[in-house]
Amino acid sequence: MCGIVGYIGSREAYPILIKGLKRLEYRGYDSAGVALANGKTTIYKKRGKVSELEDHVRGKDTNSTVGIGHTRWATHGEPNDMNAHPHHSEKGLFTIIHNGIIENYTDLKKSLIEQGMTFYSETDTEVLANLIEYIYTSQKVNIEIAVGLALQKVIGAYGLVVISDEDPNLMIAARRSSPLVIGLGNNEYFIASDATPIVEYTDKVIYLNNDDMALIRRDELVLKNLTSDATKVNIQTVDLGISEIEKHGYDHFMLKEIFEQPRSIMDTFRGRIRPDTNEIRLGGLHAVKERLVNANRIIVIACGTSWHAGLVGEYLIEDLARIPVEVEYASEFRYRNPMIGPDDVVLAISQSGETADTLAAIHLAKEAGALVLGICNVAGSSISRETDAGVYTHAGPEIGVASTKAFTAQVTVLTMMAIMIGREKGLLKDERFAELIGELNDVPGKIEKILEQNDEFQRIAEIYKDATNALYLGRGVSFPVALEGALKLKEISYIHAEGYPAAEMKHGPIALIDKKMPVVFIATRDKSYEKIVSNIQEVKARNGNVIAIVTEGDTSIKGMADHVIEIPETDEAMISIPSVVPLQLIAYHIAVMRGCNVDQPRNLAKSVTVE
């Protein structure tokens with residue numbers, strides 16, 4: 001979950017590292033540090049954000065053309081200066097930055113202490129630095145072999161970069177279950193957790209595979225495995241422009257990404273739905289379409305917001321394609337000895353394509369012989385490479401930690417899949433199929449109209465910014481929207497919020513309702529409309545404050561609710577996409593009014609690459 005950046009070449013490394021760390025700060029912002037190789041490696045590190053590291057370094061010697069940097073999301077040891085990365089080995093021969101978790105670090109540390117080594121931090125990373133140094137000095141091997149032997153002793157996940165005073169013109173990068181990408185320049189190389197710090201300098205990259213180790217000098221890159229056997233170098237082109245990772249005048253990345261949704265949804269279905277010919281073409285699924293259409297069941301594995309998108313997919317696929325769907329938390333799926341068969345399809349959903357629990361669940365499903373598909377947003381990510389087939393969302397980079405456009409893009413892909421399967425099975429006749437394609441094509445324009453109501457969402461936020469609890473209620477396909485709305489509020493404003501199926505309110509949550517409690521209903525016109533009107537009446541009878549998202553022109557609920565948000569009439573199959581947008585904006589405005597860091601909420605990180 002931490003951010004890694006490295007540079008070796010002819011330029012000054014420090015400005016590249018600092019700029020890279022700022023672009024990676026969404027991956028962790030508990031502390032930050034850099035190490036600069038200039039004869040003897042110098043480390044500067046500081047608890048807090050990258051800006052605090054900049055203040056700490058200002059005026060100090062940063063002259064170096066080789067360096068590594070790190071922004072941390074704390075796992076082992078509290079966020080403080082000592083636990084911040086980079087870490088020196090005991091004698092200072094090796095310096096390391098690391099993303100991931102070394103699961104057997106306690107045993108390794110105990111063994112090294114018995115050999116007389118001293119530790120200064122609480123981190124598992126310092127253990128790895130000392131292990132490399134111990135092997136290097138005790139076995140009298142070269143740096144490459146010392147790093148490889150140390151990593152063979154490691155149980156767990158890592159993306160790491162090592163530099164050494166013994167050879168300051170060598171940088172070693174390695175990965176296992178934690179992403180690492182190398183950018184290729186002209187006699188220079190850039191290393192990072194993802195491509196965002198690299199695209200300013202080059203669009204040619206290498207994504208490291210599990211157990212790859214890269215030996216990098218200014219004029220040479222050699223790729224090997226941990227036993228020093230050469231492996232194939234696969235150079236790819238990154239389709240990511242520098243303008244895509246800038247704010248462009250918005251106060252926050254999250255606000256920018258909410259307003260990008262008409263475009264990101266259109267980009268996701270562009271070229272895939274064809275209203276003129278009534279076609280859906282998902283090229284990434286073409287080779288496996290028959291197995292998908294004839295699946296015994298579909299098991300969705302995901303975490304967080306992606307799990308909510310999967311719940312929407314469950315409703316749509318079961319309704320339109322009549323295939324049973326189970327939606328599983330990836331973190332639970334991998335540990336409960338699930339029943340998976342060769343006729344099952346396992347569908348992994350992840351914005352980053354690097355979610356550790358989802359990757360582990362993929363491996364489990366593949367061992368069981370299931371067809372494993374992926375939906376993710378990042379080309380070249382681990383999930384895109386380790387699944388049998390899949391679909392990219394094309395949402396573009398999402399920098400805000402709280403996911404917005406990734407959710408609507410994922411739901412867009414799931415909607416296309418449900419329609420495609422239903423059509424292939426003969427369940428959707430020409431008229432209904434054309435109607436659904438037309439409806440999906442119209443969604444971006446409907447979201448544009450919703451975004452025009454932003455001032456109203458801000459006014460509602462002002463009223464409820466000091467609330468301590470909130471309920472979000474919906475029925476059918478709107479229940480996952482309620483879950484997602486509640487998650488957005490608690491993620492960025494730190495207000496406790498819960499989402500429920502509206503009918504479940506009577507089975508406990510109704511006890512919480514009083515005149516201080518905002519209750520948000522997704523109450524658009526569908527087959528459950530009359531039922532949800534009754535639920536609203538139940539809340540009003542207990543003095544709850546009702547915020548209702550309704551279909552444009554609705555008059556029944558307007559007479560009951562305290563606040564009504566109208567959205568354009570939309571087919572029930574698509575309603576989850578536009579109806580989530582007001583919830584995103586209300587959560588955003590409440591968080592801003594409460595003085596919260598919207599893009600970097602406390603304790604969170606964008607890409608969860610550890611368990």
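What you see is a predicted model; the values in this text were computed from it and never measured.
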> Side chains of Asn99 and Ser178: donor-acceptor distance under 3.5 Å anywhere?
Replying inline: yes

> With a 3.5 Å cut-off and no angle check, do the side chains of Asn210 and Arg175 form a donor-acceptor pair?
Replying inline: yes

> Taking atom types as modelled and ignoring hydrogens, do the side chains of Lys204 and Gln236 form a donor-acceptor contact shorter than 3.5 angstrom?
Replying inline: no

> Do Tyr189 and Tyr7 have ring centroids that are under 6.0 Å from one another?
Replying inline: no

Extract all donor-acceptor atom pairs below 3.5 Å that involve side chains of residues 112-119 and protein atoms in other chains or at least two apart in sequence.
from   : atom 1 : to     : atom 2 : distance (Å)
Gln115 : OE1    : Tyr134 : OH     : 3.3
Thr118 : OG1    : Glu90  : OE2    : 3.4

>> Whether the Ser384 and Tyr392 side chains hold a donor-acceptor pair (N or O, under 3.5 Å, no angle test) is what I'd like checked.
In response: yes

> So, Lys366 side chain and Glu386 main chain: donor-acceptor pair closer than 3.5 Å or not?
Replying inline: yes

>> Under 3.5 Å, is there a donor on one side chain and an acceptor on the other for Ser121 and Glu126?
In response: yes

> Taking the inter-plane angle between the rings of His85 and His98 on a 0 to 90° scale, is it parallel (under 30°), tilted (30 to 60°) or perpendicular (over 60°)?
Replying inline: parallel

> Given Glu354 and Ser381, is the side chain to side chain donor-acceptor pair (under 3.5 Å) satisfied, shown in steps?
Replying inline: CA-CA 6 Å; Glu354 302 292 350; Ser381 61; 4.9 Å; no

> So, Asn83 side chain and Glu122 main chain: donor-acceptor pair closer than 3.5 Å or not?
Replying inline: yes

>> salt bridge (charged side-chain N to carboxylate O under 4.0 Å, His left out), that's the test. Do Asp107 and Lys110 meet it? Break it down for me.
In response: CA-CA 5 Å; Asp107 293 337; Lys110 180 181 177 182; over 6 Å; no

> Is the closest side-chain donor-acceptor distance between Thr358 and Arg334 under 3.5 Å?
Replying inline: no

>> Could you measure the distance from the CD1 atom of Ile132 to the CD1 atom of Ile143? Nearest 0.5 Å is fine.
In response: 10.0 Å

> Is there a donor in the side chain of Ser350 and an acceptor in the side chain of Thr355, or the other way round, less than 3.5 Å apart?
Replying inline: yes

> Would a distance-only check, ignoring hydrogens and angles, find a side-chain to backbone donor-acceptor pair under 3.5 Å from Glu398 to Thr404?
Replying inline: yes

> Asp203 and Thr237: side-chain donor and acceptor closer than 3.5 Å?
Replying inline: no

> Cut-off 3.5 Å, side chains only: do Thr268 and His394 have a donor facing an acceptor?
Replying inline: no

>> I need the minimum non-hydrogen distance between Thr65 and Ser10, along with the two atoms involved.
In response: CG2-O, 3.6 Å

> Can any side-chain N or O of Asn169 pair as donor or acceptor with the backbone N or O of Arg218 at less than 3.5 Å?
Replying inline: no

> If we ignore angles and hydrogens, is there a donor and acceptor under 3.5 Å between the side chains of Lys488 and Thr305?
Replying inline: yes

>> Is it the case that the side chains of Gln410 and Ser306 hold a donor-acceptor pair, with the cut-off being a distance below 3.5 Å and no angle test?
In response: yes

>> Quiz question: by atom type and distance under 3.5 Å, do the side chains of Gln351 and Ser403 form a donor-acceptor pair?
In response: no

> Can a donor-acceptor pair be found between the side chains of Ser89 and Asn130 at a distance below 3.5 Å?
Replying inline: no

